[in-house]
Every structure is written in C-alpha cells, then in structure tokens.
Number of protein chains: 2
Amino acid sequence: MAELDELDQALLRELQRDARRTNRELAAATGVSPSTSLERVRSLRERGVIRGFLVDLDLEEVGRPVQALIAVRIRPPSRANIEAFREWASRLPETVGVFVVSGGEDFLIHVAVPDNKFLYAFVIDRLTQRPEVADVRTSVVYEHIRSPVIEPATPARRRR
Amino acid sequence: MAELDELDQALLRELQRDARRTNRELAAATGVSPSTSLERVRSLRERGVIRGFLVDLDLEEVGRPVQALIAVRIRPPSRANIEAFREWASRLPETVGVFVVSGGEDFLIHVAVPDNKFLYAFVIDRLTQRPEVADVRTSVVYEHIRSPVIEPATPARRRR
DNA sequence: GATGAAATAGATCGTAC
DNA sequence: GTACGATCTATTTCATC
C-alpha cells in the first residue's frame with residue numbers, strides 16, 4: 001500500500017475533481033512549484049496509485065440510456081466456469097463493468113443498452129445461452145451516482 | 001441523443017483508452033489535423049457526450065482494498081425516504097458509487113473500505129442506524145472489471 | 001467544417017538549494 | 001525533496017480554403 005503525504009492527497013483530490021487540470025493549476029491549487037507537482041503526479045502513477053486517466057461518457061448521449069445490473073449465478077461455480085464467464089461477460093459491447101462477488105450470486109454485470117426491449121433480449125437470448133448460467137436476476141438502474149472524490153484511507157505520513 | 005460521426009467515434013475510442021493523450025496524438029491517431037480534433041473534442045464536451053475527465057485510482061493503493069456491494073431495501077419506499085437515503089449514502093466517505101435500482105432492492109451501494117472488520121461495522125453500525133433502512137444484504141466484491149471502451153450504440157451519421 | 005501557420009501557454013529538465 | 005529558469009512541445013486562434 002502506498003504512503004501518501006498531505007501533498008499527495010491534495011493532488012489526488014484535485015485530480016479527481018478534474019483529471020485534465022494542467023500541472024500549473026495543480027501546483028497553484030496545492031501551493032507548490034510546477035516541477036514539484038509534476039514529479040509527485042509522476043510518482044503517483046509509477047507507484048500505481050493512479051492507474052490511468054479516464055473519460056466520463058454520458059451513456060444517454062452515446063445511445064445507451066437504459067442501464068441494468070444483472071445478477072448471475074453460475075453452476076457449478078468452478079474456477080473454469082467462473083473465469084470463462086468473466087472473460088465472456090467483460091468483453092460484451094453492452095457491458096460497462098463486471099463485479100465478481102460473493103453471496104447469493106457469482107456475478108453482477110453492469111450493462112448499458114439502447115432500450116428495454118434490447119435489455120430483455122440480452123438477458124433471455126444471450127446470457128441464458130451460456131450453459132454455466134444457472135440463474136439470472138435483472139435490476140434496472142434508475143440512477144448511478146459516482147462519488148466525486150475518494151479519500152485515501154491511509155493516514156497521512158510524513159515524507160520529509 | 002448526440003449524433004456521432006466516424007471521427008467523433010474514433011476520438012471517443014482513443015480518449016477512452018487514455019484520456020490524457022495530447023491533442024496532437026489524437027489528431028495523428030484519427031488522421032485529422034490538430035485543430036480539427038481539438039474542435040471536435042470541445043464539441044463533444046459541449047454537447048455533453050463527454051461529461052468530464054476522471055482519474056482512475058487504485059483502491060488498494062489508497063488503503064481501501066476491500067470492496068462490497070450492499071443491497072438496501074427502504075421501507076416505505078416513498079420519494080422522501082429514497083431521496084434522503086440517496087443523498088446520505090452518496091456522501092459517505094466509504095462510498096464509491098450508488099445505484100438506484102428496481103427489483104427486490106432499492107439501492108446498491110458500492111463501498112471500498114480498509115478491511116472486513118470495517119465493512120462489517122459499516123453495515124451493522126452505520127447503515128442500520130437509518131430508520132428507513134428495512135433490509136441489508138452485503139456481497140463482497142472479489143474483482144471489479146471496467147470495460148475499457150464503451151462504443152456508442154448510435155449508428156454513425158454523416159455530418160459533412 | 002477543415003486546414004496550416006503564428007502566437008500563446010504549458011510541460012519538462014538541468015541545476016542549485 | 002523542492003524551486004527556479006531555460007528550452008522544448010502543445011494548445012489555441014485566425015485567416016484561408
């Protein structure tokens with residue numbers, strides 16, 4: 001787990017608000033020189049704290065206004081079945097994300113599709129074609145809120 | 001819904017791979033001049049297709065290696081209760097995202113916490129303190145895969 | 001709309017503290 | 001680890017097609 005001091009945390013906060021802020025803006029917002037913030041952000045990437053930079057698409061504008069979470073039970077839940085399904089599901093064009101979970105189900109697939117008809121067809125035609133799929137439970141997503149800022153749970157440590 | 005021609009789609013694909021690609025790289029990758037790609041990306045932002053740019057944090061490195069999806073049932077599921085709970089849940093520091101859903105439950109809260117002890121305490125101490133929470137079901141997330149590229153479901157349209 | 005050149009602004013690196 | 005300043009590179013604007 002990475003050690004993150006006050007400056008690292010401040011930079012992460014700023015970048016979560018807007019990942020395209022220029023290095024100069026970051027430096028000004030955190031009260032250090034541009035070369036320092038540049039070096040720190042590079043270090044955060046190298047240490048794997050920052051995995052990359054993503055674009056936040058509006059799923060409605062992109063023709064996928066209907067979202068759903070589809071809980072899937074795999075039987076038998078062998079490693080072979082789980083891994084095969086995970087690979088298959090995460091590659092579908094409808095898939096936004098895949099959660100591999102414990103509990104009543106083995107997977108939760110987050111999908112975004114053009115309409116309800118498409119969603120229904122996806123569930124009853126495509127998902128159930130997989131022989132390892134034993135059970136499917138669909139929940140329509142009315143709204144998906146992402147937290148704007150995730151704070152590190154690490155206590156701040158001094159690095160100087 | 002936005003109309004997206006071939007160039008728009010190509011730019012979205014490139015930006016989803018790495019949202020920090022420079023405008024020059026985008027232009028080279030899509031075969032247009034830098035000023036054209038700059039203008040197109042700006043248009044995508046103005047039209048709301050691109051909602052913003054996010055940093056992809058590694059939740060483990062940030063001290064939150066344990067993820068869970070917590071299904072919550074609200075009783076009665078009145079607008080007042082639903083909205084109050086949504087606001088409360090989406091502001092918690094443990095929360096990564098909140099899904100408002102149909103079906104057996106009303107919410108699915110995606111949380112990331114330091115360890116299982118913390119998760120358990122979160123569920124039995126904090127969630128159940130809310131009077132409108134009637135039922136809670138926790139699934140631990142072993143793995144969360146995000147789709148690297150979401151393709152528009154819109155058929156390409158000509159804009160020239 | 002798209003282009004290419006010119007002006008503005010930012011990223012980056014060497015050097016010093 | 002940090003700051004300053006010079007250099008290199010990218011962004012942005014504008015006249016033109």
Side-chain angles (χ1 to χ4, degrees), chain A residues 1-58 61-63 151-152 154-160, chain B residues 1-58 61-63 151-152 154-160:
Chain A
M1 201 171 77
E3 296 203 358
L4 304 168
D5 71 3
E6 292 289 348
L7 178 53
D8 290 324
Q9 296 191 38
L11 289 167
L12 289 177
R13 252 194 314 275
E14 296 298 328
L15 281 173
Q16 284 184 85
R17 274 201 260 275
D18 175 7
R20 274 218 164 171
R21 299 187 71 170
T22 67
N23 185 56
R24 298 192 144 185
E25 286 174 326
L26 282 181
T30 55
V32 294
S33 74
S35 54
T36 299
S37 72
L38 190 70
E39 163 58 24
R40 286 302 192 95
V41 173
R42 182 182 299 161
S43 163
L44 288 167
R45 288 203 75 162
E46 276 166 8
R47 290 188 282 160
V49 179
I50 293 175
R51 306 205 305 180
F53 296 92
L54 306 172
V55 63
D56 182 14
L57 289 192
D58 188 312
E61 291 295 328
V62 117
E151 293 283 341
T154 342
R157 311 233 172 105
R158 298 191 175 273
R159 295 177 72 199
R160 293 207 206 183
Chain B
M1 201 171 77
E3 297 203 357
L4 304 167
D5 70 3
E6 293 289 349
L7 177 54
D8 290 324
Q9 296 192 36
L11 290 167
L12 289 176
R13 253 194 312 275
E14 297 298 328
L15 281 173
Q16 284 183 86
R17 273 200 260 275
D18 175 8
R20 271 217 165 174
R21 300 188 70 172
T22 66
N23 186 55
R24 285 179 170 229
E25 287 174 326
L26 282 182
T30 55
V32 294
S33 74
S35 50
T36 298
S37 73
L38 188 72
E39 164 57 24
R40 286 302 192 97
V41 173
R42 182 181 301 161
S43 162
L44 288 167
R45 286 202 76 163
E46 276 167 7
R47 289 189 282 160
V49 179
I50 293 174
R51 307 205 304 179
F53 296 92
L54 307 173
V55 63
D56 183 14
L57 289 191
D58 188 312
E61 292 295 329
V62 117
E151 293 282 341
T154 342
R157 312 232 171 107
R158 298 188 176 276
R159 295 177 72 199
R160 290 207 211 189

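Below, chain A is the first sequence line, B the second, and so on; all start at residue 1. Worth knowing before you read on, the calculation uses all heavy atoms, side chains too, and leaves out hydrogens, waters and symmetry mates.
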Terminal helix-axis angle for the helix from C:dG1-D:dC17 to C:dC17-D:dG1, with five pairs defining each axis and rounding to 10 degrees = 30°
Report the distance from atom CD of B:E39 to atom P of D:dT16, rounded to the nearest whole Å.
-> 20 Å
In A:R42, A:R40, A:R13, the residue satisfying salt bridge (Lys or Arg N to Asp or Glu O under 4.0 Å) with A:D8 is A:R40
side-chain N/O A:R20 vs D:dA10 OP1/OP2, d < 4.0 Å | no
Taking CG from B:L38 and P from D:dC14, how many angstroms apart are they, rounded to a whole number?
-> 13 Å
Under the side chain to side chain contact (heavy atoms under 4.5 Å, CB included) rule, collect the residues that match up with A:S33, sequence neighbours excluded.
-> A:S35, A:T36
Given C:dA2, is OP1 or OP2 found less than 4.0 Å from the side-chain N or O atoms of B:R40?
-> yes
Interatomic distance where CG belongs to B:D5 and C1' belongs to C:dG1 [whole Å] | 11 Å
B:E6 CD - C:dG1 P separation (whole Å) | 15 Å
Separation of D:dT2 atom P from A:L26 atom CG, nearest Å, is 15 Å
Once you round it to whole Å, what is the distance between P of D:dT11 and CZ of B:R45?
-> 14 Å
Sequence neighbours left out, what passes side chain to side chain contact (heavy atoms under 4.5 Å, CB included) with B:A29? Give chain and number order.
-> B:E14, B:R21
Polar-atom pairs under 3.5 Å, protein N or O versus N or O of nucleotides 4-8 of chain D: list them with distances, or write none.
unit_1: D:dC4; atom_1: N4; unit_2: A:S35; atom_2: OG; d: 3.0

Between B:T36 and C:dT3, is there a side-chain N or O to OP1/OP2 distance below 4.0 Å?
-> yes
Which part of the nucleic acid does A:R21 contact within heavy-atom distance under 4.0 Å: base, sugar-phosphate only, or nothing?
-> nothing
How long is the line joining CG of B:N23 and P of C:dA2, in whole Å?
-> 13 Å
C:dT12 C1' sits how many Å from A:R42 CZ, rounded?
-> 7 Å
Please report, to 0.1 Å, the donor-acceptor pairs under 3.5 Å made by any side chain of residues 48-57 of chain B, with sequence neighbours excluded.
unit_1: B:R51; atom_1: NE; unit_2: A:D56; atom_2: OD2; d: 3.4
unit_1: B:D56; atom_1: OD1; unit_2: B:R146; atom_2: NH2; d: 2.7
unit_1: B:D56; atom_1: OD2; unit_2: A:R51; atom_2: NE; d: 3.4

Across all chains, not counting sequence neighbours, the side chain to side chain donor-acceptor pair (under 3.5 Å) partners of A:N23 are A:S37
Give a yes or no on whether the backbone of A:L15 and the side-chain of A:R20 come within a donor-acceptor separation of less than 3.5 Å.
-> no
Which atom names give the shortest non-hydrogen contact between A:Q9 and A:P152, and what distance separates them?
-> CG-CG, 4.0 Å
Side chain of A:L7: nearest nucleotide among D:dT11, C:dT12, D:dT2?
-> D:dT2
Going by the side-chain hydrogen bond (donor to acceptor under 3.5 Å, both in side chains) test, name the single residue among B:R47, B:R45, B:E46 that passes it with B:S43.
-> B:R47
Find out whether A:L7 and A:L11 are in side-chain contact, i.e. whether some heavy atom of one side chain is under 4.5 Å from a heavy atom of the other.
-> yes
